[in-house]
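Only one structure is covered here, and it is reproduced in the block below.
Counting convention: from 1, in listed order, for ligands and their atoms alike. As the structure is a prediction and not an experimental result, all values here were calculated from the model.
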Amino acid sequence: MSLPFPEYWPTPSPTVAFRERRRRWAERFSGNAVLAAGLSRPRNFHASRFPFRAESHFLYFVGRHLEGALLVLREGQPTLYLEPPHPDEALWSGPTPSLEQLERELELPVRPHAELELDESYATLPPPDAESAFWLSEWCGRELEPASGALLEGADAALADAIIELRLVHDEWAVAQLRQAAQVTGWAHEAGLRGTRAGRREATVRGLMEGVIVGCGMSTSYNSIVTVHGEVLHAERHDGVMRAGELLLCDVGAETPEGWAGDVTRTWPVAAQFSESQRVMYELVLETQRAAIAAVAPGVRYRDVHRVAAATLVRGLTRLGVLRGDPEELYERGAAALFFPHGVGHLLGLDGHDMEGLGDRAGYAPGRQRSVAPGDRYLRCDRDLQPGMVVTIEPGFYQRDGLLAGAGALRDVIVEAELARFADVRGVRIEDDVLVVPTGSEVLTEHLPKDVAELEARRRAG
Ligand code: GLY
Ligand code: MN
Ligand code: MN
């Protein structure tokens with residue numbers, strides 16, 4: 001039986017990538033520091049655990065998921081500390097590299113935990129979960145809170161800023177990883193498109209999409225969203241039966257074995273064709289997304305990309321008669337957030353929302369803060385774009401329950417009778433991963449279909 005996706009295996013980054021990143025780290029941070037890979041977490045009982053995924057800062061410099069490992073930077077020299085494999089380890093897990101083998105493979109000094117001595121002067125970053133934070137606190141001799149990036153002070157803050165500077169602008173090896181994640185994410189979406197049928201469950205499409213990702217040696221980079229209720233922004237139930245006449249929203253991304261993420265959303269009809277109203281609204285979201293992508297370039301403030309998206313959507317909704325009034329004025333009054341209540345996207349890298357574990361310290365440039373305005377308050381990034389940064393561009397249109405009741409002072413600008421024409425459009429989002437290049441931008445996920453005609457052709461071919 002032929003596979004519905006190409007036979008493929010990810011290519012790892014060369015050892016020099018990690019050596020070079022560690023060198024650049026030492027160049028930017030002069031103190032002593034420790035980065036923890038973290039600990040695996042039980043699923044339900046001790047021996048049944050979630051697959052271990054190392055913390056992203058650690059992964060950036062080491063590239064391996066080494067549970068319990070600590071990367072120490074001392075007087076400019078990195079050393080990796082971990083527990084030597086237990087003699088029984090091979091019985092349960094197969095051959096595990098010795099510390100000497102790891103040292104040769106990583107081109108990095110590797111020593112046993114027993115030799116590690118740290119004190120509270122070592123800078124570190126907040127681990128993502130309480131157990132890892134408690135464990136690292138024991139090593140460092142001071143209490144660390146999980147994921148409290150906004151509260152960092154002193155050397156910890158300086159360490160965070162040095163690493164943010166490195167991770168914001170992706171090197172050639174990171175871009176190569178992101179391209180691989182984008183490639184496999186694309187195949188997953190193709191499989192989902194072809195496997196969508198009225199009468200099937202959302203879970204079937206999720207299974208097809210994640211099957212491609214797993215079959216290509218990757219994992220999902222976040223919990224997949226595969227839903228006919230696209231208006232629920234992070235819908236993670238997949239038990240619904242898809243019906244002809246509905247739209248299916250799929251927000252699914254692959255993660256390479258080194259942890260680099262794809263993050264893509266496509267919305268397509270359950271039947272082989274969009275209804276007229278679905279096509280019209282879909283094309284407006286696509287126009288909005290294309291306008292936002294066209295705005296991505298070095299030196300552009302990401303908040304302004306969000307504004308381009310919001311203004312384009314408001315102009316389009318006015319053109320369709322769904323909003324009444326002057327589009328500029330409507331935009332200024334925040335009318336976009338009625339139907340597009342989230343930000344246009346976020347940084348992408350080792351984390352789906354890259355470095356969000358550091359709060360807004362990574363996403364927002366120093367001195368910039370989140371707006372409190374509806375919609376804008378969920379904007380996860382407000383930096384000036386630079387070549388090598390990767391961001392998502394993901395505007396949407398959603399009709400949430402309580403939309404009219406919650407519209408407040410904007411209630412009068414919604415033309416209910418016109419909006420009613422779009423009753424079969426609950427949620428549309430279109431999301432791509434975009435690399436900033438010196439001349440503008442490159443869409444890493446360009447190969448995924450998103451025109452109405454392309455999507456319908458794929459649906460028919462399924
Ligand atoms: N997958 C979540 C997001 O797009 O931000
Ligand atoms: Mn996203
Ligand atoms: Mn997404």
Side-chain angles (χ1 to χ4, degrees), residues 53 56 128 168 170 178 181-189 192-193 202 205-206 209-210 212-213 218-227 229-238 247-256 259-268 285-286 288-289 292-293 296 302-303 305-306 309-310 337 340-360 362-364 370 375-383 385 389-398 427-436 441 443-446 448 450:
R53 200 271 188 196
S56 295
L168 265 182
H170 298 304
L178 289 164
Q183 176 71 72
V184 172
T185 299
W187 289 329
H189 280 259
L193 247 174
E202 296 152 335
V205 177
R206 175 191 173 199
M209 297 180 82
E210 294 191 3
V212 173
I213 291 172
M218 297 200 183
S219 54
T220 49
S221 46
Y222 50 89
N223 291 342
S224 301
I225 299 167
V226 178
T227 183
H229 283 285
E231 78 280 12
V232 180
L233 296 183
H234 282 174
E236 288 179 0
R237 290 181 60 162
H238 305 109
L247 293 174
L248 184 69
L249 183 152
C250 297
D251 185 347
V252 176
E255 176 176 305
T256 72
W260 296 89
D263 182 7
V264 167
T265 309
R266 288 290 183 268
T267 308
W268 56 71
V285 177
L286 188 55
T288 301
Q289 202 230 13
I293 290 174
V296 171
Y302 189 72
R303 189 188 65 175
V305 178
H306 175 73
F340 169 34
H342 58 79
V344 77
H346 48 83
L347 297 169
L348 184 70
L350 278 164
D351 306 309
H353 296 171
D354 208 24
M355 298 184 275
E356 214 165 83
L358 296 172
D360 280 344
Y364 276 62
R370 284 204 189 212
D376 296 9
R377 70 168 175 255
Y378 291 122
L379 184 59
R380 299 172 188 277
C381 177
D382 185 8
R383 285 205 172 250
L385 298 173
M389 286 171 73
V390 174
V391 292
T392 67
I393 298 293
E394 51 178 305
F397 169 90
Y398 313 92
V428 173
R429 180 164 65 255
I430 308 172
E431 174 175 27
D432 280 301
D433 303 342
V434 180
L435 170 68
V436 184
S441 72
V443 181
L444 298 177
T445 44
E446 187 67 44
L448 277 82
K450 64 181 172 184

By the definition side-chain contact (heavy atoms from CB on, under 4.5 Å), identify the one residue from V226, T265, N223, V212 that meets it with V252.
V226

Pick out the protein N or O atoms lying less than 3.5 Å from any N or O of ligand 1, and list each pair with its distance.
{"residue": "ligand 1", "atom": "1 (N)", "partner": "D251", "partner atom": "OD1", "Å": "3.3"}
{"residue": "ligand 1", "atom": "1 (N)", "partner": "D251", "partner atom": "OD2", "Å": "3.1"}
{"residue": "ligand 1", "atom": "1 (N)", "partner": "D263", "partner atom": "OD1", "Å": "3.3"}
{"residue": "ligand 1", "atom": "4 (O)", "partner": "D251", "partner atom": "OD2", "Å": "3.3"}
{"residue": "ligand 1", "atom": "4 (O)", "partner": "D263", "partner atom": "OD1", "Å": "3.3"}
{"residue": "ligand 1", "atom": "4 (O)", "partner": "D263", "partner atom": "OD2", "Å": "3.1"}
{"residue": "ligand 1", "atom": "4 (O)", "partner": "E394", "partner atom": "OE1", "Å": "3.0"}
{"residue": "ligand 1", "atom": "4 (O)", "partner": "E394", "partner atom": "OE2", "Å": "3.4"}
{"residue": "ligand 1", "atom": "4 (O)", "partner": "E431", "partner atom": "OE1", "Å": "3.3"}
{"residue": "ligand 1", "atom": "4 (O)", "partner": "E431", "partner atom": "OE2", "Å": "3.1"}
{"residue": "ligand 1", "atom": "5 (O)", "partner": "H346", "partner atom": "NE2", "Å": "3.2"}
{"residue": "ligand 1", "atom": "5 (O)", "partner": "H353", "partner atom": "NE2", "Å": "2.7"}

Are R266 and E431 ion-paired here, with the side-chain N under 4.0 Å from a carboxylate O?
no

Does D376 pair with R303 as a salt bridge, N-O distance under 4.0 Å?
no

So H170 and W260, would you call those rings parallel, tilted or perpendicular, with 30° and 60° as cut-offs?
perpendicular

For residues Y222 and H234, establish whether the separation of their ring centroids is below 6.0 Å.
no

Using only heavy-atom distances, determine whether the side chains of [X] and [Y] contain a donor-acceptor pair under 3.5 Å.
X	Y	result
T445	D433	no
E356	H346	no
E210	S224	yes
R429	Y398	yes

Have a look around the Mn ion (ligand 2) and list protein N/O/S atoms under 2.8 Å, or say none.
D263 OD2, H346 NE2, E394 OE2, E431 OE2

